[in-house]
Amino acid sequence: MSAQRYNYAPHNPYLYNHDATFANSNANFYAAAQNNDDENNINFQSVRRAIQYWLDKSTIHIVPRWGAFAAILALFFLRIYLIQGYFIVAYGLGIFLLNNFIAFLSPLEDPTDVGGSRDDGLSLPTSAKEGKEYRPFARRLPEFKFWLACTRGVGTSLMMTFFSVFDVPVFWPILLMYFGVLFFMTMKRQIAHMYKHKYVPVSFGKHKYKDAGKEKGEYGGGMAGSIGGGTASVGMGGAVSRRR
């Protein structure tokens, strides 16, 4: 009996169906993952918009903002005192706050910079004529950004105290003494800079003269202020006649 050769089909329909099902499942998986990513991005953007909205609303509330900062800072130092650790974190926070404070006290344009000059009225006066003009003090770091940076720094430092990896053993009196010396030298240099260039990092507002805008004299405030308190009338020739 001669051997029969069986010719199998080159492609199995079952394999075709299995591959199609697998491809569809992968496509569905990737689509679901993409949808989840889009939803996460939308939620993240919504949270960012909400945070930015409340930050914009708090711009005019200076005292409550700094009160909240003082409360967070007091909470941070209270935790440092209770656990007696994380002194290196406190030292780093002090350096960060000092740098931001110096930027807050510094003018937008350094007078010692010989580079390009500004003509937008925000630079320090360089002549007696310019010194007589009112110019509000333009800071390198505005007040709101200064508060926001300090608040973020204190919040980050407070979160770092919950991780033991940041609790580096140090002798804290040495850090405190070094920070005191650094603060003294930095503020001395900043005050010398203020004295040299004759500026004060505070804007008191434009000077207002007493009774500015009020008319005085014989015809001050209209014809009611005329001599004798009489009424006036204008004739045909344009002359003003008074009636007692």
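The analysis underlying the following values was restricted to heavy atoms, covering all of them including side chains, and did not include hydrogens, waters or symmetry mates. Nothing fancy with the numbering, it's 1 onward along the sequence.
If you chain together ILVMFWY residues whose side-chain heavy atoms come under 4.5 Å of each other, Tyr53 ends up grouped with Trp54. Through direct or indirect side-chain contacts shorter than 4.5 Å among Ile, Leu, Val, Met, Phe, Trp and Tyr, Met159 is connected to no other residue.
Residue-environment remark: CZ (Phe162) exceeds the threshold of 12 foreign heavy atoms within 6.0 Å.
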Passes side chain to side chain contact (heavy atoms under 4.5 Å, CB included), Asn43 versus Val47? Steps please.
CA-CA 6 Å; Asn43 294 333; Val47 172; 5.5 Å; no
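For residues 57-77, the pairs satisfying salt bridge (charged side-chain N to carboxylate O under 4.0 Å, His left out) are Arg65-Glu143, with sequence neighbours left out. Listed by first then second residue, pairs satisfying salt bridge (charged side-chain N to carboxylate O under 4.0 Å, His left out) with a partner in residues 169-178 number zero, not counting sequence neighbours. Counting only residues at least two apart or in different chains, side chain to side chain donor-acceptor pair (under 3.5 Å) contacts with residues 147-161 comprise Arg79-Thr161, Trp147-Thr151.
In terms of the side-chain contact (heavy atoms from CB on, under 4.5 Å) criterion, residue partners of Ala90 (sequence neighbours excluded) are, by chain and number, Phe76. Taking Arg49 as the reference, Gln45, Ser46 meet the side-chain contact (heavy atoms from CB on, under 4.5 Å) condition, with sequence neighbours excluded. In this view, Phe146 and Trp66, Phe104 satisfy the ring-ring contact (aromatic ring centres under 6.0 Å, His included) rule, not counting sequence neighbours. Legend: residues meeting side chain to side chain donor-acceptor pair (under 3.5 Å) with Gln52, ordered by chain and number and at least two apart, are Asp56. Scanning for side-chain contact (heavy atoms from CB on, under 4.5 Å) contacts around Ile60 gives an empty result, with sequence neighbours left out.
A pairwise comparison of heavy atoms in Ser58 and Phe144 identifies OG-CE1, 4.0 Å as the closest pair. For the residue pair Cys150 and Asn100, the shortest heavy atom distance occurs at SG-CB, 4.4 Å. In plain terms, the two heavy atoms of Leu93 and Val154 that are nearest each other are CD1-N, 3.9 Å.
Looking at Leu55 and Ile51, their side chains come closer than 4.5 Å, going by heavy atoms from C-beta outward.
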Show me the side-chain donor-acceptor pairs of residues 164-192 shorter than 3.5 Å, one per line, residues at least two apart or across chains.
from: Asp167; atom 1: OD1; to: Tyr86; atom 2: N; distance (Å): 3.0
from: Thr186; atom 1: OG1; to: Leu182; atom 2: O; distance (Å): 2.7
from: Gln190; atom 1: NE2; to: Tyr199; atom 2: OH; distance (Å): 3.4

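Both Val89 and Phe163 belong to a single network of hydrophobic side chains, linked directly or stepwise wherever heavy atoms of I, L, V, M, F, W or Y lie under 4.5 Å apart.
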